[in-house]
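Notes follow once the structure below has been shown.
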There are 4 protein chains.
Amino acid sequence: MAGDSLGTLFRVTNYGESHGKGIGVVVEGCPAGLALSEEDIQPYLDKRRPGQSSITTRRDEADSVEILSGTIDGKTTGTPISLFIRNKDQRSKDYSEMAQLFRPSHADYTYHKKYGIRDVAGGGRSSARITAGHVAAGAIARKVLHQALGVDIIGYVKSIQDLELTTEPEDINPELIETNLVRCPNESLADKMVTKIEKARKSGDSLGGIVECQLRGVPAGLGEPVFDKLEADLAKAMLAINASKGFEIGSGFAGTLEQGSTHNDIFFDDDGVVRTRSNNSGGVLGGISNGMPIVFRVAFKPTPTIIREQETVNKEGRDVVFHGRGRHDPCVLPRAVPIVEAMSALVLCDHFLRFRAYKELF
Amino acid sequence: MAGDSLGTLFRVTNYGESHGKGIGVVVEGCPAGLALSEEDIQPYLDKRRPGQSSITTRRDEADSVEILSGTIDGKTTGTPISLFIRNKDQRSKDYSEMAQLFRPSHADYTYHKKYGIRDVAGGGRSSARITAGHVAAGAIARKVLHQALGVDIIGYVKSIQDLELTTEPEDINPELIETNLVRCPNESLADKMVTKIEKARKSGDSLGGIVECQLRGVPAGLGEPVFDKLEADLAKAMLAINASKGFEIGSGFAGTLEQGSTHNDIFFDDDGVVRTRSNNSGGVLGGISNGMPIVFRVAFKPTPTIIREQETVNKEGRDVVFHGRGRHDPCVLPRAVPIVEAMSALVLCDHFLRFRAYKELF
Amino acid sequence: MAGDSLGTLFRVTNYGESHGKGIGVVVEGCPAGLALSEEDIQPYLDKRRPGQSSITTRRDEADSVEILSGTIDGKTTGTPISLFIRNKDQRSKDYSEMAQLFRPSHADYTYHKKYGIRDVAGGGRSSARITAGHVAAGAIARKVLHQALGVDIIGYVKSIQDLELTTEPEDINPELIETNLVRCPNESLADKMVTKIEKARKSGDSLGGIVECQLRGVPAGLGEPVFDKLEADLAKAMLAINASKGFEIGSGFAGTLEQGSTHNDIFFDDDGVVRTRSNNSGGVLGGISNGMPIVFRVAFKPTPTIIREQETVNKEGRDVVFHGRGRHDPCVLPRAVPIVEAMSALVLCDHFLRFRAYKELF
Amino acid sequence: MAGDSLGTLFRVTNYGESHGKGIGVVVEGCPAGLALSEEDIQPYLDKRRPGQSSITTRRDEADSVEILSGTIDGKTTGTPISLFIRNKDQRSKDYSEMAQLFRPSHADYTYHKKYGIRDVAGGGRSSARITAGHVAAGAIARKVLHQALGVDIIGYVKSIQDLELTTEPEDINPELIETNLVRCPNESLADKMVTKIEKARKSGDSLGGIVECQLRGVPAGLGEPVFDKLEADLAKAMLAINASKGFEIGSGFAGTLEQGSTHNDIFFDDDGVVRTRSNNSGGVLGGISNGMPIVFRVAFKPTPTIIREQETVNKEGRDVVFHGRGRHDPCVLPRAVPIVEAMSALVLCDHFLRFRAYKELF
């Protein structure tokens with residue numbers, strides 16, 4: 001398969017570049033009859049939008065979404081839904097210097113090696129701007145999941161560098177997430193995070209961190225082992241997000257420090273519902289949801305764009321010095337939250353439809 | 001797509017159960033003309049084989065592979081290669097108790113909820129025994145990659161619980177890996193790990209840990225953004241392995257503690273070859289290999305099978321007590337090494353063929 | 001995707017060669033809980049089996065199927081079902097002459113050009129023997145369709161060379177099909193066909209013809225436009241059968257001789273059920289089943305194996321003379337009937353599951 | 001997979017409706033470095049455009065294509081190419097009557113049954129207008145094939161009802177195709193066809209016919225048996241075109257009237273090139289191109305839209321009378337030619353890339 005599509009039954013195909021005409025996404029497989037308009041999608045794009053606060057890039061984009069197909073009288077028809085987000089900021093700057101060299105830890109070099117040609121402006125196709133398409137498509141998936149299953153998707157910043165939220169997943173209050181610029185559901189910690197990010201921005205540097213995400217209300221039975229396990233498809237989706245470097249579900253890497261006797265999640269009868277006392281499994285067992293909240297984390301590296309002098313090589317392979325300039329996100333985490341949520345919605349919605357195909361036939 | 005296949009151009013389809021007739025895998029898309037016999041595959045299966053040492057399960061399986069199709073006169077014909085590993089140990093025990101309840105942190109419950117029917121013996125399809133198919137198919141992928149590109153795949157145990165190898169990836173000596181039962185390339189640390197695992201086994205408990213894997217010799221240009229990024233497909237493959245709970249590439253989760261100015265990998269001209277001074281990227285930038293070693297880690301939870309009394313629920317949803325018995329792997333890590341290697345070979349081989357399809361056409 | 005798999009949710013992967021160890025097929029996506037044993041599959045293989053009558057090849061193969069995975073206690077578990085048909089007749093003859101040249105209208109030349117290596121015995125992978133796997137998998141699909149929807153699949157020989165059955169599809173009596181060697185539901189015509197085929201066999205020549213197939217009981221709504229139309233996937237499946245050269249549905253090519261006013265199928269209310277007075281559409285409109293019987297035809301060329309002297313070229317590209325010898329099917333039509341049925345079952349079952357995924361959600 | 005995408009490595013995803021905002025297509029997998037602008041695509045759309053002549057529908061659409069992504073400085077970047085064709089004629093008419101009933105032999109009924117909701121205007125998604133996307137994407141595929149392999153794709157009208165071109169494929173003069181409104185490479189026959197179509201139009205009726213298409217210059221080796229045979233994928237693509245009812249390759253249905261001894265294509269050494277004396281195979285053997293021209297035919301039914309009174313049923317399933325009105329194509333054949341060409345280009349380009357992936361590795 002070509003690499004710009006994701007999913008089997010609920011399938012998105014993404015196109016567009018940072019400074020081209022815009023970013024688009026075609027959503028195949030949305031069931032018919034869902035009420036859908038731009039108003040269902042725009043709020044999620046607004047959360048991802050650049051220029052939303054003092055700790056994000058100052059690039060100014062309204063990121064207004066337009067539905068180009070797939071609905072009639074405000075309802076989906078079961079045919080492909082095409083969404084388009086026009087770029088306001090098209091190739092305006094002078095990119096001639098950047099065309100000659102490869103920015104450290106960006107995809108300039110690898111795109112050059114792979115394709116032999118490169119859309120330099122803003123990173124072209126390798127820009128995180130393409131995730132606007134993910135967020136737009138994810139909004140549809142979320143609505144399907146919410147209406148059909150009552151699923152809630154709750155993402156938030158778990159850490160910025162060494163500032164880490166220690167609240168247990170089940171104790172997170174979703175209403176606190178949007179009370180601050182950094183999307184951390186703990187106000188005092190959020191304040192410190194904002195201060196830290198602003199300090200990094202002023203020094204031309206950047207920070208990374210961790211997003212945690214919970215999928216609440218997922219019924220047992222979703223996931224298609226042995227390869228299309230639910231956590232496997234989530235892992236793929238998360239590592240496909242720009243700047244992500246790691247994924248873990250449930251106890252994750254920390255779980256390797258335990259023993260089976262402490263790590264196992266004990267099933268019990270909770271008034272007629274089978275639940276587990278702990279959730280080290282993170283809501284999946286053997287690749288299939290078990291009815292507990294699905295909890296996972298995604299690591300994001302410090303943004304590679306920094307306003308510093310850096311050594312690198314040019315197109316001829318010779319050592320040069322590059323000086324970063326202009327607008328940048330000193331930390332992608334606040335804007336990564338809606339992207340992580342959207343990607344998880346895409347994966348879950350696809351698995352929900354796959355589950356429906358087979359269930360209770362014989 | 002059905003969930004038991006992986007890959008696009010180099011594609012494996014897995015079947016079989018723990019205590020059924022055997023485990024099989026069909027490999028589509030292996031290029032024609034590769035010398036291939038059972039001898040190319042068996043050594044990798046021997047590394048994954050149960051009963052290989054005092055720190056693995058005592059289940060006795062020879063795991064002999066038979067090539068059922070796809071070769072003629074010792075060479076691949078370009079048509080599907082079918083591999084079969086017959087089970088010696090077929091449904092012999094009494095599984096009537098296990099059929100009535102759900103073992104904690106196993107897939108019993110989720111398979112029951114998903115399919116309404118369950119092959120109880122040894123976990124049926126949810127058993128890690130099915131990874132024998134991954135390893136067999138991976139052996140073919142490794143041979144393709146080694147002959148065509150000179151790629152070396154080097155996996156080893158990075159940690160068992162809190163015992164952690166601190167050697168930098170580039171300083172690992174591959175020849176030390178197979179010198180000990182635990183597959184850790186540091187003999188004194190390996191000794192401690194073996195002792196720790198044996199102690200866990202004796203107490204009926206289990207341990208987890210981390211496997212690190214390096215893909216050396218991968219040329220720049222492999223990976224298909226924006227969804228089929230090389231690290232995304234690796235993440236999926238790793239989270240599809242039984243008992244894995246996390247994946248990270250390059251600096252991974254630890255990289256979130258740095259700043260851009262320290263985390264960025266500086267390109268330099270290394271005698272005509274573009275390389276980076278550090279490898280926080282783990283060999284990928286923007287989803288495409290950059291020519292540096294690909295380095296990633298996979299977290300494995302403590303084996304859920306423990307020889308202890310545990311609370312759980314039965315098929316009627318009522319609380320019961322379950323007493324684990326019999327053979328078990330006190331720690332999956334030593335046997336996970338060849339599985340991680342194999343899965344990475346499958347992903348890389350698929351991306352290598354996809355790369356060939358598009359390269360240098362215009 | 002690799003080319004030896006077919007289907008999305010109900011997916012088959014085929015392997016094996018004419019004179020290798022056997023033919024196998026892995027069926028992914030069969031819903032759980034279906035009663036299934038070898039006895040459900042064997043009767044269809046018996047219909048396709050070589051050596052079944054005086055008008056088929058005398059190659060002697062029992063074509064006994066073995067289920068290797070995917071069932072427990074006689075029921076499917078929802079996991080991959082692996083079927084294997086061992087070859088009795090393994091590379092016994094001397095194929096050294098055939099290895100040097102390309103038989104006319106066989107795939108020898110194209111396999112040589114594509115793969116650079118060729119399994120000569122019996123045509124290797126290009127042999128129609130591989131359709132045993134299609135038939136075996138199709139038997140499972142038929143059972144799913146019959147139990148879940150009440151679908152009946154009825155194939156029969158429509159013509160052998162110029163001997164053509166003129167009965168309208170709705171007037172076919174399925175019980176007459178198996179009353180004769182050629183599988184034509186008209187006894188006197190069948191007699192003439194058998195005579196004609198025997199005459200061709202005696203003269204070392206071969207004949208072609210047309211298979212017609214009806215899918216009765218298919219509900220409206222199956223098919224996924226705009227590319228995965230039901231008739232499009234049927235066409236692909238039929239053209240994937242060895243020796244097939246054409247596909248038509250409903251009025252097909254003859255329909256081009258009409259006008260819209262005579263060709264349109266008029267809808268009417270048949271006691272509460274919407275039906276059409278004619279069925280020129282062949283049961284599909286816009287790629288979706290309309291509830292009327294699905295009727296299509298497949299053209300099969302005269303078998304290229306003939307017991308004659310023929311000119312051709314050798315591996316060096318030089319003109320040579322080749323003399324066909326040995327066993328051959330003077331006409332593939334009788335044995336093509338169960339293959340056409342099986343392939344249509346595979347396509348329909350896949351579309352049935354896809355339909356279930358989306359239906360009646362909002 | 002969702003059904004609005006076609007192809008594996010060269011993959012198109014189509015969206016849009018007859019009277020919505022427009023028709024779009026995203027092309028994934030076009031190799032980098034191909035010179036490409038709207039001027040490469042528009043000429044093919046002009047051939048498919050409505051209102052182009054007296055024998056096509058009078059709907060007035062410019063069908064101007066806009067490239068939304070995937071190129072920089074007039075060259076492809078290897079990333080998705082998004083094409084959009086804005087509709088001029090958006091839902092202007094009163095469709096309230098049509099919303100209440102199902103037009104005979106249209107997809108109104110099946111879309112209603114499948115989706116429960118229907119975009120009535122112009123047939124919505126089931127309109128042949130969506131093939132504008134096929135033609136636009138096909139233009140890119142054609143350019144890839146022409147530049148990389150020198151392939152020429154030559155489609156033309158073979159018959160209109162009983163008026164049939166009898167010229168052998170190898171004797172067709174491509175320059176005669178565009179000399180007449182009907183695209184038949186025989187001027188006197190074309191005149192008769194035009195007269196016949198105009199007569200049908202005046203009487204409110206419609207006609208069908210056959211398009212023949214040749215792919216010249218295809219090298220041997222393309223096609224992926226046993227399911228993704230080249231002819232199988234062509235058959236699927238052709239049956240996915242609106243109003244098509246049949247596909248045949250080489251001798252097709254007529255070939256069933258021959259014997260093996262007359263039907264077999266004899267190989268010979270044509271000055272160092274292996275060719276066949278006849279081409280009953282139509283350029284494929286065993287699912288793989290053999291280097292001879294690929295020749296196939298597609299049957300199109302008479303357009304179901306006729307300006308007549310017809311019986312049908314309404315949404316409540318009751319018998320009603322419907323009177324067709326307005327603009328219609330009295331015969332789709334002239335406009336079907338560029339669609340058939342485009343679809344064959346899409347299939348061939350995908351197989352070309354798949355061929356490249358595997359070739360000459362060992």
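A note on names: the letters A, B, ... follow the listed sequences, proteins ahead of strands, and every chain is numbered from 1.
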Do you know the tightest heavy-atom contact between [X] and [Y]?
| X | Y | answer |
| --- | --- | --- |
| C:Asn290 | D:Tyr109 | O-CE2, 3.5 Å |
| C:Thr312 | C:Phe322 | CG2-CB, 3.9 Å |
| C:Asp233 | C:Val347 | O-CG2, 3.6 Å |

Could you tell me which of [options] has the largest number of non-hydrogen atom pairs under 4.5 Å with chain D?
| options | result |
| --- | --- |
| C:Gly123, C:Gly282, C:Pro104, C:Gly208 | C:Pro104 |
| C:Thr305, C:Val226, C:Ile249, C:Asn242 | C:Val226 |
| C:Pro219, C:Gly223, C:Ser244, C:Gly116 | C:Gly223 |
| C:Arg277, C:Arg297, C:Lys113, C:Glu311 | C:Glu311 |
| C:Gly291, C:Gly221, C:Ala240, C:Ala237 | C:Ala240 |
| C:Gly272, C:Gly255, C:Gly252, C:Cys331 | C:Gly252 |

Strictly distance-based, threshold 3.5 Å: is any side-chain N or O of [X] a donor or acceptor partner for the main-chain N or O of [Y]?
| X | Y | value |
| --- | --- | --- |
| D:Ser206 | C:Gly260 | yes |
| C:Asn280 | C:Asp265 | no |
| C:Glu248 | C:Phe253 | yes |
| D:Thr256 | C:Ile210 | no |

With a 4.5 Å limit on heavy-atom distance, are the side chains of C:His263 and C:Ser251 in contact?
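They are in side-chain contact.
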Winner by heavy-atom pair count (cut-off under 4.5 Å) against chain C, out of [options]:
| options | result |
| --- | --- |
| D:Lys301, D:Met238, D:Lys359 | D:Lys301 |
| D:Gly287, D:Gly250, D:Ala357, D:Pro302 | D:Pro302 |
| D:Gly204, D:Ala243, D:Pro304 | D:Pro304 |
| D:Ser281, D:Pro225, D:Gly317 | D:Pro225 |
| D:Ala232, D:Gly286, D:Gly246 | D:Ala232 |
| D:Arg308, D:His112, D:His106 | D:His106 |

If you draw a 6.0 Å radius around CD in D:Glu316, do more than 12 non-hydrogen atoms from other residues or ligands fall strictly inside?
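Yes, because the 6.0 Å sphere around CD of D:Glu316 holds more than 12 heavy atoms from other groups.
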Can you tell me which portion of [X] sits under 4.5 Å from chain D's heavy atoms? Options are side chain, backbone, both or neither.
| X | answer |
| --- | --- |
| C:Ile130 | side chain |
| C:Thr262 | neither |
| C:Asn264 | both |
| C:Lys236 | both |
| C:Ile306 | side chain |
| C:Val273 | neither |
| C:His134 | side chain |
| C:Tyr115 | side chain |
| C:Val12 | both |
| C:Met343 | side chain |
| C:Phe247 | both |

Where does [X] contact chain C at under 4.5 Å (heavy atoms): side chain, backbone, both or neither?
| X | value |
| --- | --- |
| D:Phe268 | both |
| D:Lys229 | side chain |
| D:Thr276 | neither |
| D:Arg125 | both |
| D:Ser203 | neither |
| D:Leu163 | neither |

What's the spacing between D:Lys114 NZ and C:Phe355 CZ if we round to 0.5 Å?
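Output value for this atom pair is 6.5 Å.
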Quick one: pull up CZ in C:Phe362 and CD1 in D:Ile117 and give me the separation to the nearest 0.5 Å.
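Interatomic distance, C:Phe362 CZ to D:Ile117 CD1, rounded to 0.5 Å: 12.0 Å.
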Show your reasoning for whether side-chain contact (heavy atoms from CB on, under 4.5 Å) applies to C:Leu234 and C:Ile294.
CA-CA 10 Å; C:Leu234 283 171; C:Ile294 293 170; 4.0 Å; yes
In plain terms, say whether D:Arg11 and D:Asp350 are close enough for a salt bridge, that is, a side-chain N and a carboxylate O under 4.0 Å apart.
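A salt bridge is absent here (no side-chain N lies under 4.0 Å from a carboxylate O).
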Assess, by modelled atom type and distance only, whether the side chains of D:Asp329 and D:Thr303 contain a donor and an acceptor separated by less than 3.5 Å.
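Absent: no donor and acceptor within the cut-off.
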side-chain contact (heavy atoms from CB on, under 4.5 Å), paired with D:Met292, selected from D:Val274, D:Val218, D:Asn279:
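With D:Met292 as partner, side-chain contact (heavy atoms from CB on, under 4.5 Å) holds for just one option, D:Asn279.
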Parallel, tilted or perpendicular for D:Phe267 and C:Phe102, by the 30°/60° rule?
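Plane angle over 60°, so perpendicular.
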Checking C:Ala107 now: which residues fulfil side-chain contact (heavy atoms from CB on, under 4.5 Å) with it, not counting sequence neighbours?
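So C:Ala107 forms a side-chain contact (heavy atoms from CB on, under 4.5 Å) with C:Thr110, C:Tyr111, C:Ser126.
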